[in-house]
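Comments concern the structure below.
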Amino acid sequence: MSIRAPVNRIVPFSAVDGPGNRTAVFLQGCPFNCLYCHNPETIHPCDNCGACLSACPTGAIRREGAVVRYDRSLCIMCDACIRACPKSSCPRLRWLSGEETMEEIRRNMPFIRGVTVSGGECTQHRDYLLELAALAHREGLSLLLDSNGSHDFAQDPALTAAIDGVMLDVKAWDGAEHLRLCGQPNDVVLKNLRFLAESGKLAEVRTVVVPEEMNAAQTVTMVSRSLKALGAADVPYKIIRFRPMGVRPAYKHFRSPTGAELDALEALARSEGMERIIQI
Amino acid sequence: MRPITMEEVELRRQEILDTIKDPTASHEQKVTYLARHAENFMTVLDEPAELDELMRCEQEVRCICNLFEGDAPYRPRYITPDYPKFLRQGSRFLQLDPPKDLFEVFNSLMILYHNVPSITNYPVFIGDLDQLLEPYCEGLDDETIKKALRLFLIQVDRTILDSFCHANIGPRASRVGLLLMQVESELENAVPNLTMRVAEDTPDDFLLAGIDCALHSAKPSFANDAMFRAELGDRYCIASCYNGLIKGGGSYTLCRLLLSGIAKRAANIADFKEKQLPFVMDVMARYMDARIKFLVEESGWFENSFLAKEGLVDRKNFTAMFGLVGLAECVNLLMEKEGKNCRFGHSEEADRLGVEIMDLIDAFNKAHVNPYCEVTDGHFLLHAQVGIDSDHGTSPGTRIPIGEEPDELIDHLKNISLFHKYFPSGTGDIFPVDLTVHRNPHYILDIIRGAMKMDIRYLSFYSSDSDVIRVTGYLVKRSEMEKLDSGENVRQNTTGLGLGAAKNCKILDRRVR
């Protein structure tokens, strides 16, 4: 019996979700609640409250008993449902098995080199990932995860072995700061940083820079220093500019860092020995 | 020679005066236009009687276009000299000994380029530059080669005054190829156009250098080496916009079917397929036959040009290009006439009709024989023409109209893969890409590698914020178009064509990928 996962969106070609051209699969639901999240509608699972039903202009969302159903063929992607949702969720979900997901991915071959599963937080659906990874490998495609690091990979050797790598977000080095920014501690995130680097499964590290809300210099310095010490200085480090697009109204006023601020962070990472720093 | 009336003479005299007074034409451009006016006084071709109603009529209902080729062809449209032979033997006519080092090679090439005509009077193919130059670069350091290349390429850009001039590199990686791309990305010039042939064994590093150069200077474009080689053999080259031709030869002529005009004549799909299209194709083929017959048998070019006399071209390596534009609009109009609301690039039924129409054109072409196209088995080669600035409501070749591109690039590529196989003498699609791709050039690499496996023939990319951009097949600088638009004259003919295309054909509005 196949395990299904709530798929929010499949982007056929993505230039920004890992090396080369990849199909990106976005799953619903994330245990973190980062203030600056730029797709907050993927944080909470839909609880079938129905607040979006009347907001939909095309009748793509219907109630069937206790459940809210979504008809993709009627949807015009206007996002009215997302704006109507009181819980940072989205009714536009399709519960797909690994094979059903793969069917859509196959359409994009031979133009892609792999698949990236993102979110939300994809590791909440680890059984689905196991199946999808096996299917992707059968097609000669790599499978990467884009993860917030909340899943303890050291305790999950089967998943670690099944995937080709993790693109890990390290949102803050300082535990208290992480708790304030994301609503969760970062012990497991930092443990994963070490464990994945040691097991050769760290495909990329990322830090989103929101100048006044965090000590980005500390995070960039400490991430770089630990990776260098682990012999992983060649792992790409993406330093990502905060942008207000998609961010919830309460946090839209956060400031985007200047080019000079990002350059200074890049210089810090370089001075700690990191070799491949990418500003986005 | 048929006589012409005094009214026609007066009309032509007015056109000549307009050219003489044109404030936006440079001297070189005026000379070219004046020569064309003179040529068009002639009535020497044995044209089909039905040609006038299909070609010399209002643009709205036009079905055939000769792309301003004059009425008395006195040189082939495209000429692709055998440059390696020229370097081996020098030229008696040009009084040049075989060059002995890189500097003599550049000097000799510049002199020869000046003497290679074409429809534009500038050379449309300037050689496989990497293979040509490689033997002369042994023992030279990179900086010396780059300096020589830089001077050479600047001279090409400033003296070959339109960007239908095309150089080739690849599929093998080479030091000269890499250095040439480095210099081109620094220069950001519109001329020459550049194609990298890509084969399965072209190394990723070489291809990535090409992608990096393309994001700076909108070139090179990427050609499917395996496809061209299978159709045209090992001696193929890419000339002008993206035209696959045989080296040491070229193309006598290029005329094009205006498919949307033909669709207007048709009552429905069946009428289009059974009557209108076959009728127009037959007239155009006979018109091309007449042009070729005059050029080969009467103009004397092949007997008297030093290029032919010295063996740099051979008449037997020439063919001709049977072109077309506006498949998308043709399909959409026919669907409308059938009362169906489905559009090319967005519906399987519409795309299928496109394929059926292409199969008919392909079958017609393979059945038509011209005695002077021996090198391509006696047939013309199909060509998806890139359009001209005066085209309204007609998309190049088989392209999806700008503004109607599918949301997802994969759907766009699937459409493209249906049509590229029909056009050995060239077709291509163009994609502006977003700056973030600069951080991930492998994204484009994957698309190119995939395309080669899907029988996609030719792809171009440019960065959406670059100064050099690809108009339809050729390159222009946005900054030069702005100058021309404000009434200044500019060096290159193609800047004017680009400006027209920007205004009429929405080329600045392509969907960014």
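Remember, predicted model here, so these are calculated numbers, not experimental data.
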N-O pairing of Arg399(B) and Glu405(B) below 4.0 Å
no
Is Arg206(A) positioned over the aromatic face of Tyr237(A), cation under 6.0 angstrom from the ring centre and no more than 45 degrees off axis?
no
Counting heavy-atom pairs under 4.5 Å with chain A, the top scorer among Leu445(B), Leu413(B), Leu409(B) is Leu413(B)
Test side-chain contact (heavy atoms from CB on, under 4.5 Å) applied to Glu272(A) - qualifying residues, sequence neighbours left out:
Thr221(A), Ser224(A), Arg225(A)
With only heavy atoms counted, which part of Arg107(A) is less than 4.5 Å from chain B, the side chain, the backbone, both or neither?
both
Report, by ascending residue number, the residues of residues 108-117 of chain A in heavy-atom contact with chain B at a distance under 4.5 Å; give 'none' if the set is empty.
Asn108(A), Pro110(A), Phe111(A), Arg113(A)
Is the count of non-hydrogen atoms from other residues, nucleotides or ligands lying under 6.0 Å from Lys238(A) atom NZ greater than 12?
yes
What part of Ile448(B) gets within 4.5 angstrom of chain A, counting heavy atoms only: side chain, backbone, both, or neither?
neither
In residues 255-266 of chain A, which residues are in contact with chain B at a heavy-atom separation under 4.5 Å?
none
Any donor-acceptor pair under 3.5 Å from Glu213(A) side chain to Phe254(A) backbone
no
Heavy-atom side-chain proximity of Ile239(A) to Thr207(A) below 4.5 angstrom
no
Mind checking whether His412(B) and Phe13(A) have ring centres under 6.0 Å apart?
no
Is it the case that over 12 heavy atoms from other parts of the model lie below 6.0 angstrom from the CZ atom of Arg9(A)?
no
Side chain, backbone, both or neither of Leu208(B) within contact of chain A (heavy atoms, under 4.5 Å)
neither
Among residues 416-431 of chain B, which residues come closer than 4.5 Å to chain A, judged by heavy atom distances?
none
